[in-house]
Amino acid sequence: MVLRDNLKKNMITALYADKNGEIFDAPEIGGVGRVGDDIVSLKPQDLIKLPDSADLMFLPNRRAVGLNKKGELTSVEGLAVSAILPAGYTRTHLPAFERETDCQMLPLYGYTAVVLYRDELYTTAIYTDENHKWDPIHYNTRELKKLVKRVKKDLPNNRIVEQVANCSLSWHCCTAQNLFYRRWEAGIPTSPTCNAQCLGCISLQPAECCPSPQSRITFKPTVEEIADVGIYHLTTAPEAIISFGQGCEGEPSLAANNIAEAIKLIRSKTERGQINMNSNAGFTEGVKKIVDAGLDSIRVSIISADEESYNAYYRAAYNLNNVKESIKYALDKGVYVSLNMLYFPGFNDREEESEAWIKFFEELPVQMIQVRNLNIDPDAFLKTMPPQRGAILGTKKFLHTLSKKFNNLQIGSFSHYINEE
């Protein structure tokens with residue numbers, strides 16, 4: 001990467017990429033970001049240093065833009081550049097750009113504004129959760145292939161092991177890799193089908209859309225396959241969590257019969273660790289069955305507490321009231337409930353969305369929000385969702401409002417180990 005000298009070190013300067021992917025700064029052009037459909041100038045308080053484990057990506061057929069000396073928005077002779085942040089960082093601004101003709105939909109990543117400031121790269125984000133377990137240095141190590149072979153030998157002919165081995169080595173999924181490292185949270189995919197057609201689904205997209213970053217399982221594991229992997233991980237790993245509902249599958253509650261029986265079998269062998277499910281919570285009867293079998297925690301994927309917005313994104317065979325019913329049942333049964341809030345600057349932080357969330361949490365006092373950057377093409381997302389009705393609060397104000405109003409609501413980014421040995 002080549003950066004030209006910038007004499008005005010305190011100026012927030014736009015970046016662009018050439019056709020070879022080399023990244024440059026654009027002297028005298030002020031850096032900007034995007035919130036919803038609005039392009040805004042960036043201030044120092046909007047910025048943090050680009051994390052070491054972040055990646056940079058140029059955006060094809062999207063021209064970089066910035067502010068000229070007159071404060072006017074102008075295009076730059078180069079492609080727009082985005083940061084892709086590691087887990088634990090919540091973006092506050094999208095990269096701004098000018099679309100060229102024949103733009104294809106962008107791949108499913110969490111695009112974030114990035115600029116040059118004080119001769120260093122900065123991005124627009126807040127650090128939402130500190131959890132060393134998800135630091136990239138712990139994953140994709142040299143010994144991973146050897147560890148995969150060890151578990152395959154310990155659990156021969158188990159199709160779940162084969163699936164997560166491929167997820168680990170081909171897709172570099174951290175939750176899949178933890179099974180082989182014998183630690184922390186490990187995923188157990190169970191369901192090849194789903195009851196929603198999420199706009200940003202990472203395991204199944206229409207052929208004419210962007211490619212999915214993971215491949216969905218094509219089989220339905222048996223009770224014994226599920227239980228064998230669960231027992232193996234819970235009895236070998238420190239702070240062990242097994243999670244149903246991974247990126248490489250559909251909706252786990254649709255496999256409720258097998259999961260419930262597997263949980264019972266697991267708990268007949270060990271009381272160690274935590275059993276979790278990541279779910280859209282739309283199939284209430286399935287959720288109830290799994291909760292009653294001994295589920296410890298559930299993380300519910302949700303983008304909005306407003307019914308119109310929710311339906312626009314999930315395009316599901318259920319509705320938001322079904323989700324609320326499932327959450328209420330889990331809370332009443334003492335299950336730890338967190339929300340996987342899919343976050344998009346300029347959408348979740350709209351006034352009308354904030355008001356809907358306040359009503360939601362007054363009705364359903366869940367324990368935690370896990371804020372996750374929504375991986376999606378910004379234009380495709382906003383084209384699908386309902387138009388903005390109120391003002392945009394900004395990410396920081398939105399999260400601060402929820403935190404101040406609901407003192408017991410933890411705001412983070414990761415599932416936390418909650419069981420005590």
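Just so it is clear, the model here is predicted, and its values are computed rather than measured.
Counting only distance, with no hydrogens or angles, the side chain of His138 and the backbone of Cys174 share no donor-acceptor pair below 3.5 Å. Using a distance-only test at 3.5 Å, with no hydrogens or angles considered, a donor-acceptor pair links the side chain of Thr384 to the main chain of Ala380. Without hydrogens or angle criteria, Ser253 side chain to Gly286 main chain gives no donor-acceptor distance under 3.5 Å. With His233 contributing its side chain and Trp184 its backbone, the two residues share a donor-acceptor pair below 3.5 Å. Panel note: side chain Gln177, backbone Asn140; a donor-acceptor pair is recorded below 3.5 Å. A donor-acceptor contact shorter than 3.5 Å links the side chain of Thr236 to the backbone of Tyr232. The backbone N or O of Lys43 sits less than 3.5 Å from a side-chain atom of Asp46, completing a donor-acceptor pair. A donor-acceptor contact shorter than 3.5 Å is absent between the side chain of Arg272 and the backbone of Thr270. The closest donor-acceptor contact from the side chain of Asp18 to the backbone of Glu22 lies under 3.5 Å. Not one N or O on the side chain of Asn321 forms a donor-acceptor pair closer than 3.5 Å with the backbone of Asn319.
Contact detail for Val164 and Gly187: the closest heavy-atom pair is CG1-O, 3.9 Å. Contact between Ala125 and Thr92 at its shortest, heavy atoms only, is N-OG1, 3.7 Å. Here the shortest heavy-atom pairing between Ala165 and Lys152 reads CB-CE, 3.8 Å. Taking each heavy atom of Leu339 and Phe361 in turn, the nearest pair found is CD1-CE2, 3.6 Å. Listed here is the closest heavy atom pair of Ile275 and Leu295: O-CD1, 3.5 Å. The two residues Arg182 and Pro238 come nearest to each other via the heavy atoms O-CD, 3.3 Å.
Asp129 has its side chain within reach of His416: a pair of non-hydrogen atoms, C-beta onward, lies under 4.5 Å apart. With a 4.5 Å cut-off on side-chain heavy atoms, Thr123 and Leu47 do not count as touching. Residues Leu402 and Ile369 meet the side-chain proximity criterion, which asks for heavy atoms closer than 4.5 Å. Between Leu155 and Val229 there is a side-chain heavy-atom pair separated by less than 4.5 Å. For the pair Leu56 and Leu50, the minimum side-chain heavy-atom distance is below 4.5 Å. Side chains of Tyr117 and Leu42 form no contact here, defined as non-hydrogen atoms less than 4.5 Å apart. Side chains of Ser354 and Leu393 form a contact here, defined as non-hydrogen atoms less than 4.5 Å apart. In this structure the side chain of Pro221 reaches within 4.5 angstrom of the side chain of Ile226, judged on heavy atoms.
Note that OH of Tyr313 is 12.5 Å distant from CD of Gln197, once rounded to the nearest 0.5 Å. If you take CD1 on Ile263 and CG on Asn258, they are separated by 11.0 Å, rounding to the nearest 0.5 Å. Thr190 OG1 to Ile259 CD1: the interatomic distance, rounded to the nearest 0.5 Å, is 3.5 Å. Atom OG1 of Thr128 sits about 9.0 Å away from atom CD1 of Ile411, to the nearest 0.5 Å. The structure places CG of Leu265 at 9.0 Å from CD of Glu261, a figure rounded to the nearest 0.5 Å. Atoms CG and CG, on Leu342 and Asn348 in that order, are 8.0 Å from each other to the nearest 0.5 Å.
For the 3.5 Å distance criterion, the side chains of Asn276 and Ser297 qualify, holding a donor opposite an acceptor. For Asn375 and Asn373, the side-chain atoms include no donor-acceptor pair closer than 3.5 Å. The closest side-chain donor-acceptor pair between Gln367 and Ser338, if any, does not fall under 3.5 angstrom. Under 3.5 Å, the side chains of Ser413 and Gln370 contain no donor-acceptor pair of N or O atoms. Asn195 and Asn280 share a donor-acceptor pair across their side chains, judged by distance under 3.5 Å alone. Checking Ser326 against Thr284 by side-chain atom types alone, a donor-acceptor pair falls below 3.5 Å.
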Carefully, step by step, assess Asp228 and Lys269 under the rule salt bridge (charged side-chain N to carboxylate O under 4.0 Å, His left out). CA-CA 10 Å; Asp228 286 348; Lys269 300 295 183 180; over 6 Å; no
Decide yes or no on side chain to side chain donor-acceptor pair (under 3.5 Å) for Asn61 and Gln104, but give the supporting numbers first. CA-CA 8 Å; Asn61 301 109; Gln104 292 186 332; over 6 Å; no
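A parallel orientation is assigned to the rings of Tyr139 and Trp134, their planes being inclined by less than 30° (bins at 30° and 60°). The aromatic rings of Tyr16 and Phe24 lie parallel to each other, their planes meeting at an angle below 30°, with 60° marking the opposite boundary. Ring geometry for Tyr310 against Tyr314 counts as parallel: the plane angle stays under 30°, on a 0 to 90° scale with 60° as the upper cut.
Residue Glu143 qualifies as enclosed at atom CD: its count of foreign heavy atoms under 6.0 Å is above 12. For CG of Asn20, the number of neighbouring non-hydrogen atoms (other residues, nucleotides, ligands) closer than 6.0 Å is greater than 12.
Salt-bridge formation is not detected for the pair Asp52/Lys49: no Lys NZ or Arg NE/NH1/NH2 atom is positioned less than 4.0 Å from an Asp or Glu carboxylate oxygen. Using a 4.0 Å cut-off between a side-chain N of Lys or Arg and a carboxylate O of Asp or Glu, Asp296 and Arg267 qualify as a salt bridge. Under 4.0 Å is where a charged nitrogen must lie from a carboxylate oxygen, and between Arg159 and Glu162 no such pair does. For the pair Asp332 and Lys328, the salt-bridge criterion is met [side-chain N within less than 4.0 Å of a carboxylate O]. For the pair Lys288 and Glu325, the salt-bridge criterion is met [side-chain N within less than 4.0 Å of a carboxylate O]. Remark: Lys149 does not engage Asp154 in a salt bridge, criterion side-chain N to carboxylate O under 4.0 Å.
The residue from Val371, Val35, Thr90 that alone fulfils the side chain to side chain contact (heavy atoms under 4.5 Å, CB included) condition with Thr395 is Thr90. Checked options Gln274, Lys133, Arg183; the residue passing with Glu239 is Lys133 (criterion: side chain to side chain donor-acceptor pair (under 3.5 Å)).
Every residue was checked against the ring-ring contact (aromatic ring centres under 6.0 Å, His included) condition with Phe58, not counting sequence neighbours, and none meets it. Ser279 meets the side chain to side chain donor-acceptor pair (under 3.5 Å) test with Glu251; sequence neighbours excluded. Lys289 meets the salt bridge (Lys or Arg N to Asp or Glu O under 4.0 Å) test with no other residue; sequence neighbours excluded. Partners of Tyr127 according to the ring-ring contact (aromatic ring centres under 6.0 Å, His included) rule, which considers only residues two or more places apart in sequence or in another chain, are Tyr89.
Screening residues 319-345 for ring pair (Phe, Tyr, Trp, His ring centres under 6.0 Å) gives Phe344-Phe381 as the qualifying pairs, with residues at least two apart or on separate chains. Counting only residues at least two apart or in different chains, salt bridge (Lys or Arg N to Asp or Glu O under 4.0 Å) contacts with residues 82-101 comprise Arg63-Glu100, Arg99-Asp379.
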